[in-house]
Undergrad: 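Shown below is the structure under consideration.
Chain identifiers are assigned alphabetically (A, B, ...) following the order of the sequence lines, protein sequences preceding nucleic acid strands; residue numbering begins at 1 within each chain. FYI, side chains are in, hydrogens and waters are out, and symmetry mates aren't considered; it's all heavy atoms of this structure. It should be emphasised that the depicted structure is a prediction, and the values quoted were computed from it without experimental measurement.
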Amino acid sequence: MASPKTVPKDAQVMMQILKDMGITEYEPRVINQMLEFTYRYVTTIIEDAKIYSTHAKKSNVDADDVRLAIQCRVDQSFTSPPPRDFLLDIARQKNQTPLPLIKPYTGPRLPPDRYCLTTPNYRLKSLQKKVSSSAGRITVPRLSVGAVSSRPSTPTLGTPSVQTVGTKVGTPVSLTGQRFTVQIPSSQAASVKSATPTTPTVQNVLINPSLIGSKNILITTNMVSQNSSSDSSSLKRKHEDEDDYDAL
Amino acid sequence: MAAVQDGQMELDAEKETKPEVLSDGTSNLSGSTASGTPLTAGGAPTQEDQQTLIAVLQFLKRNKLSDSVEILRREAGLGDQEDSQTLEGSGGGKGDGGGGDANSLLSRVSIPSAAAPQNTPTPATVKRADEQLDVSVVLSAYSQQGDPSLYQVYYSGLKNFIESVLDCHRAELSQLFYPLFVHMYLELVYNNHESKAKAFFEKFGGDQECYYQDDLRILCGLTKKEHLKGNEALLDFRTSRFVLRISRDSYQLLKRHLQERHNNQIWNIIQEHLYIDIFDGMPRSKSQIDSLSGSFAGEARREVNKVKVFHGLLKEPEIEVPLDDEDDEAENEEGKPKKKKTKKDSVGSKSKKQDPNAPQQNRIPLPELKDSDKLDKVMYMKECTKRIRLNPENLPSICFYSFLNAYQGLTAVDFTDDSSLLAGGFADSTVRVWSVTPKKLRKVKSATELNLIDKESDDVLERIMDEKTASELKILYGHGGPVYGLSFSPDRNYLLSSSEDGTVRLWSLQTFTCLVGYKGHNYPVWDTHFSPFGYYFVSGGHDRVARLWATDHYQPLRIFAGHLADVTCTRFHPNSNYVATGSTDRTIRLWDVLNGNCVRIFTGHKGPIHSLAFSPNGKFLASGSTDGRVLLWDIGHGLMIGELKGHTDTIYALKFSRDGEILASGSMDNTVRLWDSIKAFDDVETDDFTAATGHVPLPDNSQELLLGTYHSKSTPVTHLHFTRRNLLLAAGAYTSQ
C-alpha cells in the first residue's frame, strides 16, 4: 500500500472508511474503484439536480433538487429486492397450487420451446434474383466453423449439425452489421439437411452464437446451381438489395 | 381515504395514551430541548406534543366530533386561540407561528415534494386536507415515541436491574440487551433524532455481545432515516419480532420490575417488537444461550420446530441385481436374492414395513425410473460392495484436485455422483467441465450423421458420440456474471449453474450446450442443487427466497420465503421432500416441498451459513458458516445436538461419508478435517422431556470427535465429495499467497 503522505486525501478517506467498517484486507485497486464510484455517482446526481433546477427556473441548485435527483436515481441503479410481505404474499399464492404430475416417458423434460435456448435465433433468407450475379457479391470464404459450439438446429432432436464450410482458417470473422454470403460447394450442399424443406436453395448454416454481435445478420447461401422457388412465404425474401436484415 | 381510516383508529388508541404522554411531557420539560420555531403558548406540553394535539384537534373538528374536541381541549389545557393562530399563520404565508408548525410538521414526515405549502397562501381547507394526511403519518410515527433523551435513562435503568438479579437469571435476562438496544436506536434514527441516536450508540454499543459486533458496525453507519429505506434486512428486523426464550421465573422477575417502575417505553418496545417464548424449566446458562443465539431474529419459537418432518428415506425401488455369475441369478418377487453368496448391500430394502418417519412414496410426484436409471442403480450397488468401511481407525484417503491458474476466480465446484466428471464455475462467467477418468468428453453427433449410424447395434451409445470432439475439457459459455452454484443431475445428463446475472442455466452434458435459462431471481443466485432423483432443483439468491423448479417448467413451482437476508446455500434432503436453506441471517430453515411451509428453523450460527450437508440416513443436518463452527442438528426433534469447533475460517465444504460414519469439512483455512459423526450422534439422547425446553445440553467434545486435520499448503477447500467407495475427493483453487 502507498505510504500515507503520497496518497491523496480522497484515497485516505476511503482507507479510513474501510478501516471503520472493519475491513482489513483488500486489494489496492479497491480504493480506486471506490473513488471512481464516488466521483461518478456524485457528478451524476449533481448534473441531474442542475437539470431539475433549471426546469423549475431557479437560479441556484438547492437541496430539494438534489433530493429529487437522488430519489429518481435510486430506483434505477440501486434497486433492492422486494419487501418481505410482498414475498410472503406471492409465496403463499404460488405454494397453494399442487405440484404438477410428471408425465412418464417423455424424453428430455424441458419447458416449451419458446422458453428454451435450443432454437436458432436467426432466420434465413433464400436467394432468388441473385442467381446470376453471384460473382459480384461479397463473399467471405473464410469462416471457421471448427470453432463452432453448435446449437441444435431443430428442437426435437436436440443435436447439433456442425458443418465445415470452405477452407478452415482459424480466424473467426466478425459478423456485426455485415451481410455476407457463404459459398458452399454444391456437392456438400446436396447432403446437407435444409431447414426449410420447401426451398432447396436455402441452406442451414450454424454460426457460433458468440461471434454474432448484433442481431443484424443476414446469412444468405449461394448455390452454384440454383433453382429458385419463390413461393415459400414463411420467410420474407423481398428487396434483397435493401438492408432488410432479419432481426430476431 | 385509507389514510384517514388509519388515522382514526390510531387516534382512538392515541386518546387513551394521551394523558400519559402529557404527564411524561410535563415532568420532563427540563430535559427536553426546545426546537427552532418558538412556541406561541409556552405552556406545559412540549412542542411536539403541542403540534400533535393541534393536529388531532383539527382532525376531530373536521370530522365534527365536537364533544371529543371539547374534552380533549379541556384536558390538554389548550385554548381556542391556539387553533385560530395556527390557521392565521398558514393564511399569512411565511410565518414562524402556526405556519411554521405546519411546515415543520410536514417536513418531519419528510414528504419529498419540493413545493412547500408555505409559498402559496393556502386556504384553510387545503391546509386541513394536508394536515389530515399528515396527522395519520405523524400519529403513526409518534405512536411509540417517548422522549428521546430518556432512552439512555431507560436503558441504563434496565441494565442496573439486570445486573442486580440472581446469577441464574442474569444470563437469560441479558438476552434482552441486544434487541432492545437495536430497536431503541432504530426508533431514534427513524424519528430523526440523529445526535441522540449517535450518543446512545456510543454509550451502549460496546456492551453488546461479541457476535453481534458485525451487525453493530453496520448499524452505526446508519444515522438517518433515508439510510433505512434501502436496507431491506433492517426493515424486516423492525417489523419482525425478535424471539427470546426465557424461563418462567426470570420472566416474572422482569415483568414485575418493569411494571412497578412505570418504564412504559421499554415495556412498549418489548410488547411490540419482541416475542418472549416462555418455557418451564431451569433457567439456561450463558453458554447454552450463546450456542443458540446469534441470528437476526433471535431464536426460533418452539412451536415452529414441532411440525412433523418425514426425515426417513424413500424405499429403494426393487431392481434385479445381476450377479457376477449370471446363471445363479434367482430372485424372489421381493427382490432379495436367495443365495447366500450374493451380497447384502446396505441400500437394499430390508424390511417391508413402512418406516414411520419416511414420507409416502407418492407424497410428491417423482420421475419414474428409466432403463438407463436402472442400469445406473445396478452399477451403484456393485460399487457399494467394494466400498471401504470407515471408522476412526480407518480414515479415508483424500485426493485433492487443485485448480491451477484460476486467478482466484474459482467460485463453485461440483462432482457427479459416480465421480467421473468435475465441473468448475468461475468468476469470468464460464463453466468448465473436466473428465476425471481417462475417458474423454465427447459431444453427440450432428443430426445428419446420426441418421447414418446403425441404430440397432449394441454399442449405439458409443456410436452416437462424435470422436472428433473428444477432449478432456469442455468450456460452457453463456452466463453474464460469475457462476456461484453448480449441480450435476443424478443421471449425469444435465448440469445446472447459477450466476450473479440472476439466471439458472441448464446445460446438456451430451451436446455441451445450454438448453434453458430459468429467470426468476432478478438478483444474484448464490446456490443451486438438483434433487437426488432428478427433475426438481432448488435455487437460492439475494432476493431472500429459495425457489423450487422443475426442469420442464419455466416458472418456479414453489417459493420459499421467510429468510431475513440472502439465501446462500440450498440442499435437498435425501428423500427429496424437504429443502434446507442456509442464509446470511444466520438461520437454517427446512422447507416442505409439498406445500412450501417452513417446518424447522435452526439458529445458533454467528455468521452467514455457507455449507449444508444431510446425513445419508436423513436424520441429521450439518451446517458450516463463516464463524468456523460446524453445527449438527437433529431434524426430527428440531434441536442442536453437536458443535464442532476447530476451523478458524469460513467452512465452504461439508460432506458425510457414504454410510454416514465420517463428516468431512473443508474451509478457507486450507484444511480438511474429519469428524466422527457416529459418536457425535450417539452421545446425545433426546427424549421428549428435554426436547420440550427447546435445547439439549451439549457436551464440549470437539477434540474427541476430531479424527484428523489435513493441511494443504495454500489452497482453500471449496468442495468435498466422497466417491462411492468412500475415497474423499477435495477441490480448491491454488492461491499463491
Side-chain angles (χ1 to χ4, degrees), chain A residues 20-22 52 56 62 64-65 67-68 70-71 74 78-106 108-112 114-118 149-154 157-163 191-193 209-210, chain B residues 112 114 213-214 217-218 221 226 229-232 235-236 239-240 364-368 370 443-450 466 477-478 493 505-506 508 510-517 522-523 535 542-545 550-554 556-562 564 593-597:
Chain A
D20 282 341
M21 295 308 283
Y52 296 138
D62 62 6
D64 286 334
D65 299 321
R67 217 173 280 137
L68 183 63
I70 292 177
Q71 228 192 340
V74 88
F78 304 112
T79 54
S80 55
R84 190 155 176 250
D85 43 0
F86 176 74
L87 290 174
L88 288 173
D89 207 22
I90 57 172
R92 203 178 319 125
Q93 276 183 332
K94 203 65 146 158
N95 296 345
Q96 272 166 0
T97 54
L99 289 173
L101 294 173
I102 306 177
K103 292 195 269 291
Y105 309 121
T106 44
R109 294 193 165 100
L110 295 176
R114 49 194 298 255
Y115 302 107
C116 286
L117 302 169
T118 49
S149 79
S150 46
R151 284 217 170 146
S153 58
T154 58
L157 278 182
T159 57
S161 5
V162 177
Q163 305 173 15
S191 64
V192 158
K193 177 179 179 211
S210 67
Chain B
Q213 286 305 323
D214 285 337
R217 202 176 288 127
I218 296 177
E226 287 79 19
K229 278 196 198 133
N231 197 331
E232 287 298 331
L235 287 176
D236 286 344
T239 49
S240 67
I364 61 167
L366 289 173
E368 85 284 354
K370 301 201 281 270
K443 296 189 194 178
V444 169
K445 286 181 184 164
S446 65
T448 56
E449 296 172 36
L450 282 178
D466 189 357
Y477 296 101
N493 284 337
R505 281 183 183 243
L506 184 76
S508 161
Q510 282 158 346
T511 61
F512 292 96
T513 55
C514 183
L515 297 177
V516 194
N522 290 325
Y523 296 92
Y535 183 69
H542 177 62
D543 55 355
R544 297 167 297 156
V545 300
T551 52
D552 59 3
H553 288 78
Y554 63 97
L557 300 174
R558 292 283 179 262
I559 295 186
F560 304 124
L564 297 175
V593 164
L594 184 65
N595 47 25
N597 294 338

Undergrad: Taking the side chain as every heavy atom from C-beta outward, state whether B:D552 and B:Y535 have any atom pair closer than 4.5 Å.
TA: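 Result yes, sub-4.5 Å side-chain heavy-atom pair found.
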
Undergrad: Under 3.5 Å, is there a donor-acceptor pair between the side chain of B:R544 and the main chain of A:P82?
TA: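 Answer holds: yes.
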
Undergrad: With a 4.5 angstrom heavy-atom cut-off, is it the side chain or the backbone of B:L366 that approaches chain A, or both, or neither?
TA: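 Contact with chain A involves the backbone of B:L366 alone.
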
Undergrad: Is there side-chain contact between A:L99 and B:R558, with at least one heavy-atom pair below 4.5 Å?
TA: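 Counting from C-beta outward, A:L99 and B:R558 do come under 4.5 Å.
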
Undergrad: So for A:T79, is it side chain, backbone, both, or neither that comes closer than 4.5 Å to the heavy atoms of chain B?
TA: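 Both the backbone and the side chain of A:T79 come within 4.5 Å of chain B.
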
Undergrad: Drop me the distance from B:N595's CG to A:T97's OG1, to the nearest 0.5 angstrom.
TA: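 Here the rounded value is 11.0 Å.
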
Undergrad: Contact between B:L515 and A:C116 at the side-chain level, heavy atoms closer than 4.5 Å - yes or no?
TA: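 The answer is no; the side chains never approach within 4.5 Å.
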
Undergrad: Which answer fits A:D20, side chain, backbone, both or neither, if we ask what part of it has an atom under 4.5 Å from a heavy atom of chain B?
TA: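 Only the backbone of A:D20 comes within 4.5 Å of chain B.
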
Undergrad: Are any non-hydrogen side-chain atoms of B:L450 and B:V444 less than 4.5 angstrom apart?
TA: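 The answer is yes, as the side chains (C-beta and beyond) meet within the 4.5 Å cut-off.
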
Undergrad: Of the listed residues (A:A56, A:P98, A:P100), which shares the most heavy-atom pairs with chain B below a 4.5 Å separation?
TA: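 Going by pairs under 4.5 Å, I would pick A:P100.
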
Undergrad: So which part of B:Y523 gets closer than 4.5 Å to some heavy atom of chain A, the side chain, the backbone, both or neither?
TA: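 Just its side chain gets close to chain A.
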
Undergrad: Under a 4.5 Å heavy-atom cutoff, which of B:R505, B:Q510, B:H542 has the most pairs with chain A?
TA: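 Top count of heavy-atom pairs under 4.5 Å with chain A: B:H542.
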
Undergrad: Quick check on the interface: out of A:D85, A:N95, A:I70, who has the most heavy-atom pairs with chain B under 4.5 Å?
TA: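 Heavy-atom pair counts peak at A:N95.
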
